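This structure is a prediction, so every number in the text was calculated from the model and none was measured. By convention here, the first residue in the shown sequence is residue 1.
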Amino acid sequence: MLRSDKVKKGMERSPHRALLRACGLSDEDFDKPLIGIANSYIDIIPGHVHLREFVQPIKEEVRKAGGVPIEFNVIGVDDGIAMGHYGMHYSLPSRELIADSIETVVEAHQLDALICIPNCDKIVPGMLMAAARLNIPTIFISGGPMLAGEVNGKKVDLISVFEGIGQLRAGKITERELKTIEEHACPTCGSCSGMFTANSMNCITEVLGLGLPGNGTVPAVDPRRELLARQAARQIMELLRKDLKPRDLLTLETFDNAFAVDIAMGGSSNTILHLLAIAREAGVEYDLSRINEISKRTPTICKISPASHYHIQDLDNVGGIPAILKELIRGGYLPYPDRPTVSFKTLRQIAEEAPGADGEIIRRIEEPYSKEGGIAVLFGNLAPEGAVVKTAGVDPSMMVFEGQAICFNSEEEAIEGILGGKVKAGHVVVIRYEGPKGGPGMREMLSPTSAIMGMGLGDKVALITDGRFSGGTRGACVGHISPEAAFGGPIGIVEDGDRILIDIPNRRIELLIPEEEFRRRMESFKPLQKEIKSPWLRRYTKFVTSASKGAVLEA
């Protein structure tokens, strides 16, 4: 019996069928499964502008395979456009709305299976959370990454524009040069061309087993993307017949694999936040300290922009995620290579069909970028519940850094201070009250970090925050500091001039003041209270948890 028979079968469902007929269904369709297609098409996100057309062959293949495609839309926020102003408060909360809206449509209409078409930032994890929660046969097919742009023979991308602002302020480029970069940085539709959050999550979907090989790397404008979409549409019917569900795939071992690959390819630090949330939806308890164990034994074998001049299209050209899997398996660094996937092949079987490491874009394990992974979780008196740093984007000279705190209570204050020349070499920039609760919404700090890099301070200044970073962030930037200032976390007691130690090799982050002074400040600390005008953001603030728990909403 199909789930959808609850709305299609029996005399008492005659009114339901009448409504379905008005949507174009026929008597023949009432014997077929209803396949939900969650499409994130929206006109204001480059990774999604083509999805109205992209979905058509998917619907065609579902019908050919014996299903009834039921397309519905979910919202999306473009982090790049929302960044640096009030709108960024809505980015992370949109992840919860996406998960809830998909659950609502699927359960209200008792759909039998689900095809998810995401592409950018919060849309991918929101859909993954919904898939884990609903636990009906599901497959992911993203819209594909953007191609990199080019200026004077040099590849450019969105991060080039953000960093160009700092370069302009530092007198390194002209306004005309910045405009040229702006005009060429995003030449096609698709998710931004580096290993930023969107592409990190789309790549990891392959490792989680919910996306077919190529899901994360085949460019949006490549004809192979449509072929992959058609294949995914046909495969959903096979998943339904075999009743393979997301929670069959999303085990503790699978999340270990996901973190291993993310660490090996230097993915976005946001993946930690999202994978913790997805694990929770799948009923898997995942401890942050486990990530450090994986990181310490997993080499970084791939660096994509912003950590290098390579882009996702370059990774795709040398075999994509299957090729990374192959090299990790060869060295014994993928914890559980025999985990199944929606292709009905294991990760090992997928890797066997991939080319070997090319030695440049994907390095061989004998010559990695570093012997340890590209992401680390730091602990210490500043972050008792943990903090996250993308080590793949940190200058080697900054892996251990002690500096003088300069504190800001919002992103806006920090940007003004950085661009205004207040931040000097040797500073540790502290941006607080930007966590899930305090922001609210844990805004991304790409604007201040890009300004630091653009002004030539990337190897002289560190930044710590209870907010988070774009996948495009590079530099000695520590985020997700938990507990956050708004929850009474120690980041709230830091004062200008305090010494702060960031010791990435030893996974430490410490406020270097006497223990007695630390205790005195904590006892007298009262977090700032922000006025939040939005009813939705007020509700979000009341229910959101710490970043160390994935910033999910408590039921």
Going by distance alone, is a donor N or O of one side chain under 3.5 Å from an acceptor N or O of the other, for [X] and [Y]?
{"X": "Thr251", "Y": "Thr254", "result": "yes"}
{"X": "Ser548", "Y": "Glu385", "result": "yes"}
{"X": "Asn215", "Y": "Thr205", "result": "no"}
{"X": "Glu444", "Y": "Asn270", "result": "yes"}
{"X": "Ser268", "Y": "Thr197", "result": "yes"}
{"X": "Glu372", "Y": "Ser370", "result": "no"}
{"X": "Asp459", "Y": "Ser397", "result": "no"}

Distance in Å, [X] [atom1] paired with [Y] [atom2], rounded so as to fall on 0.5 Å steps:
{"X": "Leu51", "Y": "Ser142", "atom1": "CG", "atom2": "OG", "value": "9.0 Å"}
{"X": "Leu114", "Y": "Leu239", "atom1": "CG", "atom2": "CG", "value": "11.0 Å"}
{"X": "Arg280", "Y": "Leu276", "atom1": "CZ", "atom2": "CG", "value": "10.5 Å"}
{"X": "Thr217", "Y": "His311", "atom1": "OG1", "atom2": "NE2", "value": "15.0 Å"}
{"X": "Glu206", "Y": "Leu325", "atom1": "CD", "atom2": "CG", "value": "8.0 Å"}
{"X": "Ile141", "Y": "Ile236", "atom1": "CD1", "atom2": "CD1", "value": "12.0 Å"}

Please answer whether the main-chain N or O of [Y] pairs with a side-chain N or O of [X] as donor and acceptor at a distance below 3.5 Å.
{"X": "Ser94", "Y": "Ser91", "value": "yes"}
{"X": "Glu327", "Y": "Gly356", "value": "no"}
{"X": "Arg339", "Y": "Leu249", "value": "yes"}
{"X": "Asn317", "Y": "Gln313", "value": "yes"}
{"X": "Thr298", "Y": "Ser295", "value": "no"}
{"X": "Ser40", "Y": "Ile117", "value": "yes"}
{"X": "Ser482", "Y": "Glu484", "value": "no"}
{"X": "Thr465", "Y": "Val478", "value": "no"}
{"X": "Asn119", "Y": "Gly143", "value": "yes"}
{"X": "Arg247", "Y": "Ala132", "value": "yes"}

What is the minimum heavy-atom distance between [X] and [Y], and which atoms define it?
{"X": "Pro213", "Y": "Leu228", "result": "O-CD1, 3.5 Å"}
{"X": "Ile58", "Y": "Ala229", "result": "CG1-CB, 3.7 Å"}
{"X": "Ile304", "Y": "Ile312", "result": "CG2-N, 3.9 Å"}
{"X": "Pro145", "Y": "Ser191", "result": "CA-OG, 3.2 Å"}
{"X": "Arg432", "Y": "Asp466", "result": "CA-OD1, 3.4 Å"}
{"X": "Leu334", "Y": "Leu347", "result": "CD2-CD1, 4.2 Å"}

- prompt: Does the pair Arg133 and Asp100 meet the rule for a salt bridge (Lys or Arg N to Asp or Glu O under 4.0 Å), with working shown?
  reply: CA-CA 10 Å; Arg133 186 187 302 175; Asp100 290 348; 2.8 Å; yes
State, yes or no, whether a side-chain contact exists between [X] and [Y] at a heavy-atom distance under 4.5 Å.
{"X": "Ile509", "Y": "Ile481", "value": "yes"}
{"X": "Met442", "Y": "His480", "value": "yes"}
{"X": "Tyr286", "Y": "Ile291", "value": "yes"}
{"X": "Ile139", "Y": "Leu210", "value": "no"}
{"X": "Val394", "Y": "Met399", "value": "yes"}
{"X": "Met146", "Y": "Pro187", "value": "yes"}
{"X": "Lys326", "Y": "Ile362", "value": "no"}

- prompt: Around atom CD of Glu366, are there more than 12 heavy atoms of other residues, nucleotides or ligands at under 6.0 Å?
  reply: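 Count over threshold, so yes.
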message: Around atom NZ of Lys296, are there more than 12 heavy atoms from other residues, nucleotides or ligands closer than 6.0 Å?
response: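 Buried by this count: over 12 neighbours within 6.0 Å.
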- request: Verify side-chain contact (heavy atoms from CB on, under 4.5 Å) between Asp79 and Phe196, making sure each step is shown before the conclusion.
  value: CA-CA 11 Å; Asp79 280 17; Phe196 315 144; over 6 Å; no
Any cation-pi pair here, [X] with [Y], using under 6.0 Å and within 45°?
{"X": "Lys437", "Y": "Phe487", "value": "yes"}
{"X": "Lys390", "Y": "Phe469", "value": "no"}
{"X": "Arg290", "Y": "Phe259", "value": "no"}

message: Could you check whether Glu360 pairs with Lys303 (Lys NZ or Arg NE/NH1/NH2 to Asp/Glu carboxylate O, under 4.0 Å)?
response: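 No salt bridge links Glu360 with Lys303.
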- prompt: Is Arg363 paired with Asp358 through a side-chain N to carboxylate O contact shorter than 4.0 Å?
  reply: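 Not counted as a salt bridge, because no side-chain N and carboxylate O are separated by less than 4.0 Å.
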query: Quick one: which of Leu328, Asp256, Leu252 gives a side chain to side chain contact (heavy atoms under 4.5 Å, CB included) with Pro335?
result: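 Exactly one candidate clears the test, Asp256.
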message: Could you walk me through whether Arg364 and Glu367 satisfy the salt bridge (Lys or Arg N to Asp or Glu O under 4.0 Å) test, starting with their C-alpha distance in whole Å, then the side-chain angles of each, then the deciding distance to 0.1 Å, before giving a yes or no?
response: CA-CA 5 Å; Arg364 294 173 63 82; Glu367 298 179 294; 5.9 Å; no
- request: Starting from the C-alpha separation in whole Å, work towards a yes-or-no answer on side-chain contact (heavy atoms from CB on, under 4.5 Å) for Ile500 and Val430.
  value: CA-CA 10 Å; Ile500 292 175; Val430 178; 3.9 Å; yes
field: Val156 vs Glu150, side-chain contact (heavy atoms from CB on, under 4.5 Å): CA-CA, chis, key distance, verdict
entry: CA-CA 5 Å; Val156 293; Glu150 188 172 310; 5.6 Å; no
- prompt: Going through the checks in order, is the salt bridge (Lys or Arg N to Asp or Glu O under 4.0 Å) test met by Asp243 and Arg241?
  reply: CA-CA 5 Å; Asp243 197 32; Arg241 290 186 187 98; over 6 Å; no
side-chain contact (heavy atoms from CB on, under 4.5 Å) assessment of Ile278 paired with Glu281: CA-CA 5 Å; Ile278 296 160; Glu281 294 286 2; 5.7 Å; no
field: Audit row: Arg230, Glu226, salt bridge (Lys or Arg N to Asp or Glu O under 4.0 Å) steps and yes/no
entry: CA-CA 6 Å; Arg230 289 183 180 275; Glu226 180 179 326; 3.1 Å; yes
